[in-house]
Amino acid sequence: MEPDGSCTSERHADPPLGVPEVIEPSWLTSVLRQSRVIDKARVRSTVGESIGTGQVAENRRYRLDYDVDVPGAPRSLILKEASEDPTSRSTAMLMGLYRREVLFYRLLAPRLRIRIPACYHAAIDEPSGRFILVLEDLPPTAHVDQLTGFSADHAMLALEQAAALHAPLWGSKWLGTLSWLAGQQGRTADNVMILPKLMTEFVKRYADTAPPRVLELCERVAPGAAAFALRQPKPWTAQHGDFRPDNMLFGARNGEVPLAVVDWQTVGLGPGMVDVAFVLGTSLDIDARRAHEVDLVRGYHQALCAGGVEGYDWDRCWRDYRRYAYYALTFLAPSAVLVKRTERGDRMFLTALDRAVAQIADLSAEELLPS
Ligand SMILES: Nc1ncnc2c1ncn2[C@@H]1O[C@H](COP(=O)(O)OP(=O)(O)OP(=O)(O)O)[C@@H](O)[C@H]1O
Ligand SMILES: [Mg+2]
């Protein structure tokens, strides 16, 4: 790997364990030994079951059985690999989503305070796009449904974690040197130009199913979508990019971990407020957002300041919150036409977009769009 974390197929110094074709107990033994989780013990057998919806990647939970009893050794692991769906896989590869997540765990994660699963192995095979992550299993005690289950209390926990993600590398020059992190939602300056086309495609595809106000606003915003993505004033930091309950594990490890955040495929460099506006706008129902958003954003701002961020005053913070209400449109409408189409996916996209349109109107955000 290069000093900036970029890698070419030749020079990419993956850990020797690489990306296996098949998950064998002996391979998992090596991973856990390399991470010093076990010493002489062996994984004797393992069974994998699919979790998640497999829209962008495949996640499996592997139950582990060891030849000897090892106190504290994990009884299960989560393995994340490339999607078996050809469309999802080629899109993910084109946008470098797999690479982002692997490099996130290897290079960025150790410098952040946000709670994420421990990562025992992260590798990518550049030519084929196959990758693997071996992660701590953090099963949530309660599944929080994005459409109905996300409350103001959940939002408060989410924003605490957002501050723990954003504060440590706020305005960091080092982040700017990581070529693989450039751009938002996996979009670099080169491929951001496709946003207007994808948004127009969204309007066509969902003409009969999306609420009229969503279609109208997408149509209006589409021509300026690339400018919106490219002209985002600094300070920047590491942003999650898809910060919503599907990627959050609440009350993990029997409640010991209030919230852990997964799915770092869209990690990017840009304003932290993108994550805040996105989660409040798309995951809270409209009335709950209206009732709690000022307090929630204030709590986030206080956590940022407590985390060492300087020179970002409340007025700027609130203005950014309003402005980045637009992020949901320029992220979700294009994503809806790129990933494998499912019934739940459609419901999620359309509900989230409808909520975001209400947020944009409530906040009079249109006046903050770049002209
Ligand atoms: N370390 C983990 N511990 C427990 N559950 C996890 C872990 N990582 C992922 N999951 C579960 O798997 C789901 C999918 O994971 P993730 O969001 O990383 O993948 P994805 O690329 O979005 O795939 P999908 O298309 O299946 O949502 C998560 O929503 C979560 O429920
Ligand atoms: Mg996900």
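Source: prediction; values computed, not measured.
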List the steps, then state whether side-chain contact (heavy atoms from CB on, under 4.5 Å) holds for Val221 with Phe228. CA-CA 9 Å; Val221 167; Phe228 171 75; over 6 Å; no
Are Val134 and Val47 connected in a single hydrophobic cluster, I mean Ile/Leu/Val/Met/Phe/Trp/Tyr linked by side-chain heavy atoms less than 4.5 Å apart? no
I'd like to know if Ile286 and Val276 are part of one continuous hydrophobic network [Ile/Leu/Val/Met/Phe/Trp/Tyr, side-chain heavy atoms within less than 4.5 Å]. no
Kindly give the heavy-atom pair with the smallest separation between Ala325 and Ala277, and that separation in Å. N-CB, 3.8 Å
Would one find more than 12 heavy atoms of other residues, nucleotides or ligands at under 6.0 Å from atom CZ of Arg205? yes
Do Leu159 and Val279 have side chains that approach each other closer than 4.5 Å (heavy atoms only, starting at C-beta)? yes
Please list, chain by chain and in numerical order, all residues satisfying side-chain contact (heavy atoms from CB on, under 4.5 Å) with Asp246, sequence neighbours excluded. Gln146, Arg244, Arg344
How about Arg319: does its CZ atom have over 12 heavy atoms from other parts shown lying under 6.0 Å from it? no
Please check: side-chain N/O of Thr177 versus main-chain N/O of Lys173, any donor-acceptor pairing under 3.5 Å? no
Value for CD1 (Ile114) from CD (Gln161), rounded to nearest 0.5 Å, stands at 5.0 Å
Arg44/Asp67 ion pair, N-O < 4.0 Å: no
Is a side-chain N or O of Arg99 found less than 3.5 angstrom from the main chain of Ile124, in a donor-acceptor match? no
Could you go step by step and tell me if Phe202 and Ser335 meet the side-chain contact (heavy atoms from CB on, under 4.5 Å) rule? CA-CA 9 Å; Phe202 169 86; Ser335 301; over 6 Å; no
Determine whether a donor-acceptor pair (N or O, by modelled atom type, separation under 3.5 Å) exists between the side chain of Arg322 and the backbone of Leu363. yes
Selection residues 346-355 - residue pairs positive for side chain to side chain donor-acceptor pair (under 3.5 Å), sequence neighbours left out: Tyr206-Asp346, Arg213-Asp354, Arg341-Asp346, Glu343-Arg347
Identify all side-chain donor-acceptor contacts of residues 296-310 below 3.5 Å with residues at least two apart in sequence or on another chain.
residue : atom : partner : partner atom : Å
Tyr300  : OH   : His166  : ND1          : 2.7
His301  : NE2  : Tyr312  : O            : 2.7

May I ask you to decide if Ala252's main-chain N or O and Glu256's side chain share a donor-acceptor pair within less than 3.5 Å? no
When every non-hydrogen atom of Ala122 is compared with those of Leu133, the smallest separation belongs to CB-CD2, 3.5 Å
Using the rule given for ring pair (Phe, Tyr, Trp, His ring centres under 6.0 Å), can you reason through Phe278 versus Tyr327, listing the C-alpha separation, both sets of side-chain angles and the distance that settles it, and then say yes or no? CA-CA 7 Å; Phe278 184 69; Tyr327 175 77; 5.7 Å; yes
Side chain proximity check, Arg42 to Tyr66, heavy atoms < 4.5 angstrom: no
Residues at least two apart in sequence or cross-chain that pass side-chain contact (heavy atoms from CB on, under 4.5 Å) with Pro117, listed by chain then number, are Tyr105, Leu135, Glu136, Leu138, Val262
Answer yes or no: is there a donor N or O on one side and an acceptor on the other, between the side chain of Thr46 and the main chain of Tyr62, under 3.5 Å? no
Could you grab the distance from atom CG of Leu338 to atom CD1 of Ile194, nearest 0.5 Å is fine? 7.0 Å
Honestly curious: do Leu107 and Val261 fall in one hydrophobic cluster under the side-chain, below-4.5 Å linking rule? yes
So, are Arg316 and Asp320 salt-bridged, with charged N and O less than 4.0 Å apart? yes
Side-chain heavy atoms of Ile360 within contact of Leu329, under 4.5 Å: yes
Quick one, Pro74 and Asp137 - any side-chain contact, counting heavy atoms below 4.5 Å? no
To the closest 0.5 Å, what do you measure between CD1 (Ile132) and OH (Tyr120)? 14.5 Å
State, with a plain yes or no, whether a side-chain heavy atom of Leu77 is found less than 4.5 Å away from one of Val31. no
Criterion side-chain hydrogen bond (donor to acceptor under 3.5 Å, both in side chains) on Asp242 and Thr266, from CA distance to verdict: CA-CA 6 Å; Asp242 191 11; Thr266 50; 5.0 Å; no
Taking Lys40's backbone N and O only, do any of them form a donor-acceptor pair with Arg33's side chain (distance below 3.5 Å, no angle check)? yes
For residues Ala155 and Leu280, report the shortest heavy-atom separation together with the two atoms involved. CB-CD2, 3.8 Å
With hydrophobic residues grouped by side-chain heavy-atom distances under 4.5 Å, do Leu284 and Tyr326 end up in a single group? yes
For Gly272, is there any backbone N or O sitting under 3.5 Å from a side-chain donor or acceptor partner on Thr237? no
So, does Arg61 use its side chain to make a donor-acceptor pair with the main chain of Ile78 at under 3.5 Å? no
Given side chains that start at C-beta, do those of Leu157 and Met248 come closer than 4.5 Å, heavy atoms only? no
Decide yes or no on side-chain contact (heavy atoms from CB on, under 4.5 Å) for Phe331 and Thr282, but give the supporting numbers first. CA-CA 12 Å; Phe331 175 42; Thr282 62; over 6 Å; no
When you measure from the side chain of His121 to the backbone N and O of Gly18, does any donor-acceptor pair fall under 3.5 Å? yes
Ring pair (Phe, Tyr, Trp, His ring centres under 6.0 Å) partners for Phe250, two or more places apart: His154
side-chain contact (heavy atoms from CB on, under 4.5 Å) between Phe349 and Thr209, intermediate numbers included: CA-CA 11 Å; Phe349 282 122; Thr209 39; over 6 Å; no
Answer yes or no: is there a donor N or O on one side and an acceptor on the other, between the side chain of Trp318 and the main chain of Val294, under 3.5 Å? no
Co-membership, hydrophobic cluster, residues Met93 and Leu198, 4.5 Å side-chain: yes
Closest non-hydrogen contact found for Val357 with Leu217 is CG2-CD2, 4.0 Å
Count the heavy atoms of every other residue, nucleotide or ligand shown that sit under 6.0 Å from CZ of Arg36, and state whether that count exceeds 12. no
dist Leu215:CG -> Met199:CE (nearest 0.5 Å) comes out at 11.0 Å
Do Arg130 and Glu81 touch side chain to side chain, with heavy atoms closer than 4.5 Å? no
Work out which heavy atom in Leu259 is nearest to a heavy atom in Ala158; give both atom names and the distance. CD2-CA, 3.5 Å
In this structure, CD of Glu24 is separated from OG of Ser30 (nearest 0.5 Å) by 11.0 Å
Please round to the nearest 0.5 Å and tell me the distance separating atom CH2 of Trp264 and atom CZ of Arg100. 13.0 Å
Within the structure provided, determine whether Leu178 and Leu175 are in side-chain contact (heavy-atom separation under 4.5 Å). yes
What is the minimum heavy-atom distance between Gly251 and Thr141, and which atoms define it? O-OG1, 3.0 Å
Which salt bridge (Lys or Arg N to Asp or Glu O under 4.0 Å) pairs, counting each pair once, include a residue from residues 260-278, with sequence neighbours left out? Lys80-Asp263
